[in-house]
Amino acid sequence: VAVKIPFGNKYLDAVFNVPEKSSTYGVVLTHGAGGDMNFPHLVSLAACLASRGVLCLRFTCKGLNIAYRAKAFKAVVEYLKLSDDYRLSGVFLAGRSMGSRAAASVIRQLSQDDNDDFIQGLVCLSYPLHRPKFQSKLRDEDLLFIRCPVLFVSGSADEMCEKKLLEGVASKMKAPKKIHWIDKANHGMAVKGRTTDDVMEEINAQVYTWLRETAELEH
């Protein structure tokens with residue numbers, strides 16, 4: 001179901017993947033610095049989640065400014081929270097690369113605003129912990145403030161997320177967290193000798209299992 005979500009004086013393009021039975025939880029999903037909501041990995045994950053009973057709303061927000069992207073993400077979360085069509089008891093925020101940074105930023109902001117339990121957790125696909133070859137400057141500031149459960153799915157050969165560094169950040173996080181490494185995958189989740197579908201199956205299964213476990217733990 002395609003929708004337009006009000007954002008300031010314009011609209012964000014978004015698509016709902018709606019499960020057959022009404023869903024208790026939803027996932028809001030967005031893309032990285034390039035591309036849009038129709039990035040194949042996002043389409044694949046949204047279809048997989050909806051087929052297993054989880055409502056998924058993915059949206060497009062162009063713009064390379066992280067504060068702008070976070071603002072757009074916040075508008076989408078508010079839209080879903082007030083929606084009469086889909087009455088959800090909670091949502092998970094998810095993003096790929098820059099989208100996961102925007103999601104982390106929103107969760108930090110919302111947790112400072114009020115004791116809102118609408119946000120159930122964060123899913124980071126290929127979290128861009130540092131720029132390529134700039135391992136000394138970590139983008140970990142939001143992660144260290146988050147309290148809700150966090151799942152990282154990253155490639156062990158990701159040039160923007162060195163394994164040792166992410167494990168170091170995770171050990172300092174206050175939130176319950178899990179890291180799933182996709183063996184030999186780069187930032188785009190490409191693995192020599194494996195098809196994209198094969199890699200996506202692994203990612204989708206990890207995300208769904210973690211969502212199910214986390215939602216059950218919360219309730």
Side-chain angles (χ1 to χ4, degrees), residues 1-32 35-39 42-43 45-63 65-96 98-125 142-143 145-151 175 207-208 210-219:
V1 181
V3 289
K4 298 260 185 204
I5 296 177
F7 176 46
N9 56 2
K10 53 181 163 203
Y11 289 87
L12 298 167
D13 288 317
V15 169
F16 277 104
N17 282 58
V18 185
E20 281 174 23
K21 290 192 188 127
S22 70
S23 180
T24 321
Y25 293 101
V27 172
V28 184
L29 186 57
T30 195
H31 55 90
D36 57 22
M37 65 180 173
N38 295 317
F39 186 72
L42 303 191
V43 174
L45 178 58
C48 165
L49 294 178
S51 73
R52 294 178 179 190
V54 181
L55 180 80
C56 198
L57 172 58
R58 58 183 208 279
F59 72 95
T60 295
C61 175
K62 302 280 187 177
N65 176 311
I66 192 75
Y68 178 78
R69 292 284 299 265
K71 220 163 151 178
F73 211 130
K74 205 169 172 182
V76 175
V77 173
E78 288 304 314
Y79 169 85
L80 194 53
K81 196 175 178 181
L82 301 171
S83 160
D84 286 331
D85 296 332
Y86 310 102
R87 295 170 185 275
L88 299 173
S89 39
V91 294
F92 291 86
L93 305 194
R96 199 195 106 66
M98 187 185 188
S100 64
R101 275 186 76 200
S105 173
V106 171
I107 290 181
R108 180 182 176 180
Q109 285 168 36
L110 290 176
S111 65
Q112 285 167 339
D113 290 352
D114 50 25
N115 297 324
D116 188 350
D117 57 0
F118 188 61
I119 307 279
Q120 299 281 318
L122 169 65
V123 178
C124 297
L125 306 173
D142 291 322
L143 298 175
F145 283 91
I146 290 174
R147 299 298 174 111
C148 66
V150 182
L151 171 68
V207 173
Y208 173 70
W210 180 84
L211 288 175
R212 199 186 57 203
E213 287 166 2
T214 306
E216 274 171 13
L217 293 177
E218 290 282 319
H219 296 269

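Counting from 1, the numbers follow the sequence of the chain as shown.
Using a 4.5 Å cut-off on side-chain heavy atoms (C-beta onward), Y208 and L49 make contact. Residues L88 and L80 meet the side-chain proximity criterion, which asks for heavy atoms closer than 4.5 Å. Within the 4.5 Å cutoff, the side chain of V1 has no heavy atoms near those of the V15 side chain. Considering only heavy atoms from C-beta on, P149 comes within 4.5 Å of W210 through its side chain. When side chains are defined from C-beta on, L125 counts as touching V123, because their heavy atoms get closer than 4.5 Å. Side-chain contact between D117 and I119: absent, with no pair of heavy atoms (C-beta onward) separated by less than 4.5 Å. Between R69 and K74, the closest side-chain pair of non-hydrogen atoms is not below 4.5 Å. Counting only heavy atoms from C-beta outward, the side chains of F7 and F73 never approach each other to under 4.5 Å.
Rounded to the nearest 0.5 Å, atoms CG (L93) and CG (L29) are 10.5 Å apart. Between the CD1 atom of I5 and the CD atom of E78 there is a distance of 11.5 Å, given to the nearest 0.5 Å. In this structure, the separation between CD on E213 and CG on L151 is 10.0 Å, given to the nearest 0.5 Å. Atom OG of residue S105 and atom CD1 of residue I66 lie 6.5 Å apart, to the nearest 0.5 angstrom. Note that CD of Q109 is 10.0 Å distant from NZ of K71, once rounded to the nearest 0.5 Å.
At distances below 3.5 Å, not a single donor-acceptor pair connects side-chain atoms of T214 with backbone N or O atoms of L211. At distances below 3.5 Å, not a single donor-acceptor pair connects side-chain atoms of S100 with backbone N or O atoms of R96.
Partners of D36 under the salt bridge (Lys or Arg N to Asp or Glu O under 4.0 Å) rule, at least two apart in sequence or in another chain, do not exist in this structure. Applying the ring-ring contact (aromatic ring centres under 6.0 Å, His included) criterion to F16, with sequence neighbours excluded, gives Y86. Applying the ring-ring contact (aromatic ring centres under 6.0 Å, His included) rule to Y11 yields no partners; only residues at least two apart in sequence or on another chain are considered. Residues meeting the ring-ring contact (aromatic ring centres under 6.0 Å, His included) test with F39, sequence neighbours left out: H41. Remark: Y79 pairs with no residue by the ring-ring contact (aromatic ring centres under 6.0 Å, His included) rule, at least two apart or across chains.
Salt bridge R101/D142: absent, no basic N to carboxylate O contact under 4.0 Å.
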Side-chain polar contacts of residues 53-63 - donor-acceptor pairs under 3.5 angstrom, sequence neighbours left out - could you list them?
{"from": "R58", "atom 1": "NE", "to": "M37", "atom 2": "O", "distance (Å)": "2.8"}
{"from": "R58", "atom 1": "NH1", "to": "N17", "atom 2": "OD1", "distance (Å)": "2.9"}
{"from": "R58", "atom 1": "NH2", "to": "N38", "atom 2": "OD1", "distance (Å)": "3.1"}
{"from": "T60", "atom 1": "OG1", "to": "M37", "atom 2": "N", "distance (Å)": "3.0"}
{"from": "K62", "atom 1": "NZ", "to": "G35", "atom 2": "O", "distance (Å)": "3.2"}

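When every heavy atom of I107 is checked against every heavy atom of C148, the shortest pair comes out as CG2-SG, 3.8 Å. Considering every non-hydrogen atom in both P19 and A50, the closest pair reads CB-O, 3.3 Å.
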